[in-house]
2 protein chains.
Amino acid sequence: MFSKSVKYALKAVLFLAVNSNDKKKVMVKDLAKPINVPQAYIAKVLQELSKQKIISSTRGPKGGVFLDEKNREQSLVSIIYAIEGEKKMTHCLLNLKKCNLAKPCPLHHLANPSREELIKTLKNKTINDLAMDIKSGRSFLPI
Amino acid sequence: MFSKSVKYALKAVLFLAVNSNDKKKVMVKDLAKPINVPQAYIAKVLQELSKQKIISSTRGPKGGVFLDEKNREQSLVSIIYAIEGEKKMTHCLLNLKKCNLAKPCPLHHLANPSREELIKTLKNKTINDLAMDIKSGRSFLPI
DNA sequence: GAATAAATATGATATACATCATATTTAAGA
DNA sequence: TCTTAAATATGATGTATATCATATTTATTC
Ligand code: FES
Ligand code: FES
């Protein structure tokens, strides 16, 4: 469903949501193991997220990556789009130029409602929302 | 969402559902262009579908690929699973060993219901169902 | 049964995605 | 200001997916 890069990105951001803040930065090497992802790979993904202001970071000794208050209020979909672009999620399921109701492909009526609902959900949910789920035991991180 | 191979497979099967039967076979080269897919590629995909009895075929002059009555009653999900396996659709969205309610990942509550619904829909819908949509103008093929 | 026309099997190449490795920049602290 | 520890930039390698090409098998028709 999602590419590996997106999954890794989501895991990393959620880890940061629970384990970091502007006073408590996390080094990439200390983040890779608990979320079960190759360090060099997640480093690259985090660089992209940082460039796009999805996460925050500072260099040098005592540096690291973290989420500030603004970062926490971003939607989940912003992470997905940051890594793999919007098109991959919104394209026609059978590769028409664009998905449209006027001349829908055979899968549109069937599958598009579920997909739209999913996207809406991912747009409305913030990183903080999911972090609260984790803290309250509704869902679990060691992933 | 789906891989290209799956999209191509779905397009090809739907084309056959509308344009073939056991009396009227279609040559691969006559199928590739209308569904806008490279011929050599779709040929390979069709071979796999044929091997798995999703479609029917005969060799030699007057041969071709087609859907018989049994083929038409198969679910859409069977096409997807034939090409890319079941796991890709049912795996945990964040790559846990397996998706389970007892210890759900942070995305489970959020995204899994939409996904389950989609899978259920694809299981219940047959190729024939979609072909009827096309014939009645509810959806469109030239894809 | 020989010639032909189709799918099928097999493998080669190209492109995208995932992973690894390393040199560069930046900030902290001595 | 020098050393050091961190992210960042860049690029190399590996692996899966997509695409192309061709030889083989099978059924039809004469
Ligand atoms: S037209 Fe294909 S999904 Fe909407
Ligand atoms: S546990 Fe991750 S989707 Fe169900």
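Note on naming: letters A, B, ... go to the chains in the order of the sequence lines (proteins, then strands), and numbering restarts at 1 for each one. For clarity, every value in this text was computed on a predicted model and none was experimentally measured.
Residues A:Met1 and B:Leu93 form a side-chain contact, since some pair of their non-hydrogen atoms from C-beta on lies under 4.5 Å apart. Between A:Val45 and A:Ile83, the closest side-chain pair of non-hydrogen atoms falls below 4.5 Å.
Using modelled atom types, one side-chain atom of A:Thr121 and one backbone atom of A:Glu117 make a donor-acceptor pair closer than 3.5 Å. At least one donor-acceptor pair closer than 3.5 Å links the side chain of A:Asn19 to the backbone N or O of A:Phe15. A donor-acceptor pair under 3.5 Å is absent between the side-chain atoms of A:Arg115 and the main chain of A:His108, judged by distance alone.
Atom CG in B:Leu16 sits roughly 13 Å away from atom C1' in C:dA7 (whole-Å rounding). We find that CD1 of A:Ile42 is positioned 12 Å from P of C:dC20, with the value rounded to whole Å. Atom pair A:Leu46:CG and D:dA6:C1' shows a separation of 13 Å (rounding to whole Å applied). For the pair B:Gln47 CD and D:dT22 P, the interatomic distance rounds to 16 Å; values are reported in whole Å. Distance A:Met27 CE to D:dT8 C1': 16 Å, rounded to the nearest Å. Distance NZ (A:Lys25) to P (C:dT26): 17 Å, rounded to an integer number of Å. Rounded to whole Å, atom P of D:dA18 lies 11 Å from atom CG of A:Asn95. Across the protein-nucleic acid pair, B:Gln39 atom CD and D:dC20 atom P stand 10 Å apart, rounded to whole Å.
No more than 12 heavy atoms of other residues, nucleotides or ligands shown are found within 6.0 angstrom of NZ on B:Lys120.
Contact between B:Ile35 and B:Leu31 at its shortest, heavy atoms only, is CG1-O, 3.3 Å.
Of the residues in residues 55-67 of chain A, those with a non-hydrogen atom less than 4.0 angstrom from any atom of DNA chain C are A:Arg59, A:Gly60, A:Pro61, A:Lys62.
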Using a cutoff of under 3.5 Å, can you pull out all pairs of nitrogen or oxygen atoms linking the protein to nucleotides 16-18 of chain C, with atom names and distances?
residue: C:dA18; atom: OP1; partner: A:Lys4; partner atom: N; Å: 3.0
residue: C:dA18; atom: OP2; partner: A:Ser5; partner atom: OG; Å: 3.2

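Among the protein residues, B:Val45 comes within range of no part of the nucleic acid, since none of its heavy atoms lies under 4.0 Å from any strand.
Stacking of A:Lys25 on the aromatic ring of A:Phe66 is recorded, both the 6.0 Å distance cut-off and the 45° axial limit being met.
Of the N and O atoms on the side chains of B:Ser139 and B:Asp133, not one donor lies less than 3.5 Å from an acceptor on the other residue.
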